[in-house]
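Model, not experiment: these values are computed from the prediction. Proteins come first, then strands; the chains are lettered A, B, ... in the order of their sequence lines, and each starts at number 1.
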Amino acid sequence: MMQHARAVLLAACLVLLASAVYGQSNEVIDDILRQRELTYAGASYLVLTATGRVADDVAPQQAVRELEAVGWGIAQRGPSDAVTLGDYAYLLMQAFEFRGGLMYRIAPGPRYAAREIAALRIAEGHALVGMRLSGERALRLLGRAMAYAEGERL
Amino acid sequence: MTASGSGNSAGRRGATGAPARVFTRMRRFPFVLVVVLMTAVSPNAVTFDWDWGGLLDNTTIVRFSEMYDDAEWTQKLQIGLWGAGLRRLDGGGTIELTGAGSYTYTDERDYIFDVDLLRAVGRFPGAMGSRSMLQAAVGRTLFRDPTGLILDHTADGGTVRISYPWGRIRAGAAYTGLLLSPNSSIRISGPDYQELSSDDEFFGPQRIIGLLDVTLGGVTLFTLAQKDLRDDGDTIDTQYFGISGVGRLGRSLYWDNLLIVSTGQTEIGAAEDTLLSFVAGTGLRFFAEELRFSRASLRALYASPFLPLDDDLGFDINEFKPITEPTLGLVFNPRLSNLIFTELEYSLRPFAGPQRTNGDMVRVGVAGRGFFRGYTGDIDYIDKFDPDSDSLYLGTELELAISARLFSDLGLSLRSGVFLPGSGDAGAFSDERKPEWALRLDLSSAF
């Protein structure tokens with residue numbers, strides 16, 4: 001029963017993700033999928049294109065500038081620098097406007113964003129704030145965040 | 001007689017030997033602790049990803065009854081901190097270090113600091129062949145038998161588990177003598193329980209525990225054993241041999257069964273004896289997401305009493321004695337020994353709809369529990385039996401509960417219950433035993 005439900009959920013996430021990234025540059029997505037450690041540029045590109053804030057044909061470096069323009073930039077981080085799970089979770093929380101728990105509302109930031117995506121089951125498995133994040137996992141998190149934003153139960 | 005003698009023994013030990021014993025046991029500082037610390041401070045530690053956090057939990061219970069002069073309030077406040085480190089290995093494995101400590105305030109003690117977890121866990125996929133998963137844990141970690149009825153407690157030791165798609169095997173060993181006495185629920189013998197109420201005991205009972213279980217499909221075969229390492233009082237060693245199984249009867253309906261046979265050896269003064277006891281249980285579980293996340297369960301347990309069958313069978317059946325006591329009720333919580341226990345529970349999320357909403361966070365439940373003794377005769381730790389009653393019926397407990405997760409890091413739970421004792425012609429208690437009520441409020445938060 002649970003496995004069936006998970007399979008349906010995963011399929012729904014993939015459909016959502018596929019529709020969201022439809023038209024994106026395959027090269028950019030392929031590059032992100034190959035990243036053992038997600039870069040700042042890759043993270044910026046994913047959250048901004050998935051939430052429709054930039055077109056999917058924008059260059060990742062341009063996505064970083066857009067991210068900083070909306071005030072979500074990560075200080076002292078270059079486009080090719082790696083981001084942590086906490087950094088990426090904080091971007092997801094802001095981009096999808098998730099309200100977050102009590103501590104996130106008091107002290108919004110990577111720490112409680114990481115806790116939040118774990119509590120919401122957007123993140124499966126370990127979700128330590130400082131852990132490194134592969135591009136593949138980042139895409140999976142994005143798909144589940146989109147499903148959650150659509151009102152799905154994870 | 002047993003309790004009295006062992007109590008004196010415990011008292012003497014507590015009065016004269018506690019500091020020395022603490023020192024002796026501290027010298028036996030677990031090797032694992034050293035390994036964990038060496039790992040954490042080694043150059044490789046920089047390759048770990050680290051995180052930390054905290055918790056703040058409070059439990060308030062009020063109990064009232066005609067039997068009490070006043071309502072009885074108890075409170076437990078716990079503040080804890082944890083730290084965790086994770087290292088990913090080539091091949092998909094991980095090494096995880098976890099440490100957690102807490103400060104607890106209760107009405108009985110102003111404070112107690114304790115180490116709740118201190119463990120290293122390694123997961124190594126493919127280490128024992130393709131599609132295998134080897135998991136090894138060492139340190140202070142949770143030890144639980146497959147049913148949770150015999151052992152469910154943290155202890156210092158290690159486990160190894162090998163999983164395949166077709167089954168898994170687990171083996172482990174633990175030492176319980178470094179658990180602080182107020183936080184140790186490792187209680188089997190009379191002296192164990194007497195030590196629990198003694199301020200002289202710094203550490204809990206010194207026992208060594210071994211476990212081994214094999215799961216194939218829905219069937220688990222398991223064995224546990226515990227040995228009392230104290231040699232200056234009454235001792236009891238026990239072994240458990242069990243089988244548990246779960247079968248699927250429908251889309252959302254499961255049938256659980258278990259049988260545990262226990263053997264044991266006691267030394268009370270110069271007298272030695274052997275024990276044979278058992279517990280059997282069955283139950284149904286139902287879960288339906290489409291019915292507002294309904295959960296229902298029905299279960300029954302029979303824990304053997306003392307049955308004098310020596311003349312008929314050549315041996316007696318003894319009272320079942322688990323290593324830790326499972327929680328069976330809210331108001332009335334007898335030991336799993338000389339007991340027939342039945343329970344019917346149902347809960348749902350009444351405000352849940354087809355889409356996720358804030359109403360998902362609320363769950364409401366009801367439960368009814370029936371308690372019977374397995375054989376006539378008093379149960380020494382329960383008051384107000386009718387000595388002339390042959391009835392097995394102890395009473396019925398009814399519970400209403402509501403829980404809500406207000407935020408992802410803040411949860412509330414309110415449980416209320418009443419225990420209606422069986423007295424008069426229908427029950428085992430005398431008329432002096434009156435109904436008891438309890439109200440329990442739990443608040444849990446994380447930071």
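Ranked by heavy-atom pairs under 4.5 Å with chain B, the list A:Ala118, A:Ala107, A:Gly101 is led by A:Gly101.
A side-chain contact (heavy atoms from CB on, under 4.5 Å) with A:Leu85 holds for exactly one of A:Val129, A:Leu128, A:Ile117; it is A:Ile117.
For B:Arg405, no part sits under 4.5 Å from any heavy atom of chain A, backbone or side chain. Both the backbone and the side chain of B:Ala352 come within contact range of chain A, judged by heavy atoms closer than 4.5 Å. Only the side chain of B:Leu410 comes within less than 4.5 Å of a heavy atom in chain A; its backbone stays farther off. Both the backbone and the side chain of A:Tyr148 have a heavy atom closer than 4.5 Å to some heavy atom of chain B.
The residues B:Glu345 and B:Arg363 are annotated as not salt-bridged, no charged nitrogen and carboxylate oxygen being separated by less than 4.0 angstrom.
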Go through B:Asp57 and B:Ser444 one step at a time and tell me if the side-chain hydrogen bond (donor to acceptor under 3.5 Å, both in side chains) criterion holds. CA-CA 4 Å; B:Asp57 293 343; B:Ser444 62; 4.6 Å; no
Between A:Arg115 and B:Asp51, is a salt bridge (charged side-chain N to carboxylate O under 4.0 Å, His left out) present by the stated rule, with each step listed? CA-CA 11 Å; A:Arg115 302 279 169 72; B:Asp51 199 359; 3.7 Å; yes
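Contact of the B:Trp82 side chain with the B:Leu117 side chain is not registered, since no non-hydrogen atoms from C-beta on lie closer than 4.5 Å.
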